[in-house]
Amino acid sequence: MDNNKSYYEQVMGPLLQGQPRLPDPYALGVSERWWVQHFEYLKERGYMMRPRYRPGWKPSYDPKGLYGGQYAEDGQDNIHSAIMDALRISDSLLVAMKRIELSTGEDRIASLFSDDAHNSDSRNHCVRIIEVLPVPGEDGEKILVMLWMRRVMEPRFWTVGEAVQFFKEMIEGLQYMHKNNVAHRDCSINNMAMEADAMYTRPYHPVRPKKRYDWSGRALHHSRTRCPPRYYLIDFGQSRMYDPSQPRPTEYALKSGGYTPPEGSEGIPCDPFATDVFLLGNLIRTSFLDGDTHMHEPGISGFEFLRPLVKDMVADDPYERPTMDEVASRFFDIIDKLPWWKLRVRAVKKNEFPLATPFRAVYHVFWTASMMLLLKPAIPSPKPLH
């Protein structure tokens with residue numbers, strides 16, 4: 001199924017044009033069939049995929065019906081061809097299984113930051129790898145098993161303090177990678193994720209996260225202030241590890257999250273750590289300060305206190321950008337000087353419907369009072385990992 005087209009564009013469109021109707025746009029795709037072929041192997045390793053990916057699956061919906069599988073649980077295909085969701089059989093933990101090529105080196109870097117020494121460091125915000133599985137008959141591939149996570153921006157941030165915690169964890173995480181001589185090289189908002197299980201009263205569906213996992217209704221959630229999530233850097237397919245005893249080599253910058261760093265546009269290799277700084281600063285600029293023209297996102301009010309720092313992070317000259325140590329130092333100095341009420345201010349999208357603003361502002365006052373009565377901090381940090 002083409003995820004960029006609606007059901008009507010794919011099915012009703014050809015009918016209106018007198019063309020043959022597609023048999024079932026919600027049928028298994030080529031990449032999905034690969035996972036079906038490995039169902040029994042993954043089950044033996046302790047992971048159960050959804051009914052759609054079990055051998056002999058028959059749709060619960062009518063493929064010839066008006067809506068097909070659009071509203072059926074087993075009509076929901078996986079979002080990324082290389083990533084599959086599953087439940088760990090031993091405890092029903094929702095996990096992501098990622099099929100990778102060993103030539104990328106992603107397994108080596110991801111596993112490095114998942115070992116006991118790095119796992120115990122609170123500054124490490126790289127995704128934890130639960131297990132690395134071999135692929136039967138494929139010596140050049142592996143399957144990385146990790147916690148299932150969701151997009152950082154959904155559900156939305158309620159307060160400035162909630163977003164500050166996100167910035168903090170990503171700044172710490174990238175600083176930690178650099179301290180260990182690793183450049184991410186692709187750290188856009190697309191390669192950051194949120195482990196949000198604590199926010200949800202019942203598990204959400206991995207493909208349609210507004211619905212419950214069992215498809216029995218809407219997935220209700222608490223705010224990040226009440227039940228703080230964890231944020232992680234993910235996807236190390238473009239990352240590079242360097243020998244600390246040797247001068248760090250320059251690299252050509254990559255397009256990340258729809259944006260190309262200035263040095264990438266000019267085709268000039270530079271320090272990859274400086275490119276990471278640009279990408280992180282550009283994330284804050286496009287997702288919060290100014291909005292994202294590529295994604296038609298309007299930006300969020302309340303973060304102008306970060307503009308001077310972000311301006312330096314996205315400097316055209318890579319050698320004028322601060323290091324991640326300097327970014328972290330300046331960031332914490334800025335946050336320490338913010339008054340408590342600023343951190344509890346509502347994070348308002350810049351395109352919010354004006355008539356809704358006063359009603360939401362009044363609600364926010366009472367909600368903030370309830371969070372303070374519950375002794376929830378303005379910058380909500382998750383409990384330490386055991």
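Given the structure is predicted, the values throughout are model-derived calculations rather than measurements.
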Linked, directly or transitively: [X] and [Y] (ILVMFWY side chains, under 4.5 Å):
X: L280; Y: L254; value: no
X: F332; Y: I284; value: yes
X: L338; Y: I171; value: yes
X: M199; Y: M371; value: no
X: M146; Y: L102; value: no

Verify, without hydrogens or angle tests, whether [X] (side chain) and [Y] (backbone) share a donor-acceptor contact under 3.5 angstrom.
X: S120; Y: A117; value: yes
X: R230; Y: M194; value: no
X: R88; Y: A86; value: no
X: H178; Y: D325; value: no
X: E326; Y: T323; value: yes
X: E195; Y: D197; value: yes
X: N190; Y: S256; value: no
X: D85; Y: P206; value: no
X: E172; Y: E169; value: no
X: H80; Y: A82; value: no

Residue [X] excluded, over 12 heavy atoms near [atom1] under 6.0 Å:
X: R151; atom1: CZ; answer: no
X: K350; atom1: NZ; answer: yes
X: D139; atom1: CG; answer: no

Could you give the distance from [atom1] ([X]) to [atom2] ([Y]), rounded to the nearest 0.5 Å?
X: S216; Y: R202; atom1: OG; atom2: CZ; result: 4.0 Å
X: C126; Y: D235; atom1: SG; atom2: CG; result: 12.0 Å
X: T201; Y: H222; atom1: OG1; atom2: NE2; result: 6.0 Å
X: N181; Y: F273; atom1: CG; atom2: CZ; result: 5.5 Å
X: I100; Y: F236; atom1: CD1; atom2: CZ; result: 11.5 Å
X: L133; Y: L144; atom1: CG; atom2: CG; result: 8.5 Å

Less than 4.5 Å apart, any side-chain heavy atom of [X] and any of [Y]?
X: I335; Y: F167; answer: no
X: I129; Y: V145; answer: no
X: L279; Y: S188; answer: no
X: W341; Y: V160; answer: no
X: I234; Y: M192; answer: no
X: M84; Y: Y47; answer: no
X: C270; Y: Y319; answer: yes
X: L147; Y: L93; answer: yes

What pair of heavy atoms forms the shortest contact from [X] to [Y], and how long is it?
X: D271; Y: T250; value: N-CG2, 4.2 Å
X: Y252; Y: P269; value: CE2-CD, 3.4 Å
X: Q76; Y: R52; value: O-CD, 3.4 Å
X: M177; Y: S239; value: CE-OG, 4.4 Å
X: R285; Y: F278; value: NH2-CZ, 4.1 Å
X: Y26; Y: G69; value: CD1-N, 3.5 Å

Applying ring-ring contact (aromatic ring centres under 6.0 Å, His included), run through H38 and W35 and close with a yes or a no. CA-CA 5 Å; H38 292 81; W35 291 100; 7.5 Å; no

Any carboxylate oxygen within less than 4.0 angstrom of a Lys/Arg side-chain nitrogen, looking at [X] and [Y]?
X: R212; Y: D214; result: no
X: R45; Y: E131; result: yes
X: K98; Y: E106; result: yes
X: K349; Y: E352; result: no
X: E263; Y: R321; result: yes
X: D74; Y: R50; result: no

Does Y231 have its ring centroid less than 6.0 Å away from the ring centroid of H125?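 That pair fails the under 6.0 Å test.
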
Would you say the rings of F39 and Y53 are close, in the sense that their centroids are separated by under 6.0 Å?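 Centroid separation for Y53 and F39: 6.0 Å or greater.
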
Please determine whether salt bridge (charged side-chain N to carboxylate O under 4.0 Å, His left out) holds for the pair D121 and R123, giving the CA-CA distance in whole Å, both sets of side-chain angles, and the decisive distance to 0.1 Å. CA-CA 5 Å; D121 197 310; R123 300 168 299 170; 2.8 Å; yes

Cation-pi check for [Y] against [X]: NZ or CZ below 6.0 Å from the six-membered ring centre and within 45 degrees of the axis, yes or no?
X: R224; Y: F157; value: yes
X: R156; Y: W158; value: yes
X: K211; Y: W215; value: yes
X: R128; Y: Y232; value: no

Just checking, is any N or O donor in the side chain of Y200 or R150 under 3.5 Å from an acceptor N or O on the other one?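 Checked: Y200/R150 side chains pair up, N/O donor to acceptor below 3.5 Å.
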
Run the numbers on H221 and Y204 for ring-ring contact (aromatic ring centres under 6.0 Å, His included), then give the verdict. CA-CA 9 Å; H221 62 86; Y204 61 86; 9.8 Å; no

Dump the intermediate steps for side chain to side chain donor-acceptor pair (under 3.5 Å) on Q165 and S381, then the final yes or no. CA-CA 7 Å; Q165 179 63 26; S381 57; 5.0 Å; no

Under the ring-ring contact (aromatic ring centres under 6.0 Å, His included) rule, what do Y61 and Y67 come out as? Steps first, then yes or no, please. CA-CA 9 Å; Y61 58 88; Y67 297 103; over 10 Å; no

Kindly assign one of parallel, tilted or perpendicular to the pair H118 and Y176, based on the angle between their ring planes and the thresholds 30° and 60°.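 Perpendicular, since the angle between the ring planes exceeds 60°.
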
Give the intermediate values and the outcome of side chain to side chain contact (heavy atoms under 4.5 Å, CB included) for residues H184 and D186. CA-CA 6 Å; H184 191 289; D186 194 14; 3.9 Å; yes

Quick one: do E251 and Y242 satisfy side chain to side chain donor-acceptor pair (under 3.5 Å)? Show the steps, please. CA-CA 12 Å; E251 304 270 10; Y242 304 103; 2.9 Å; yes

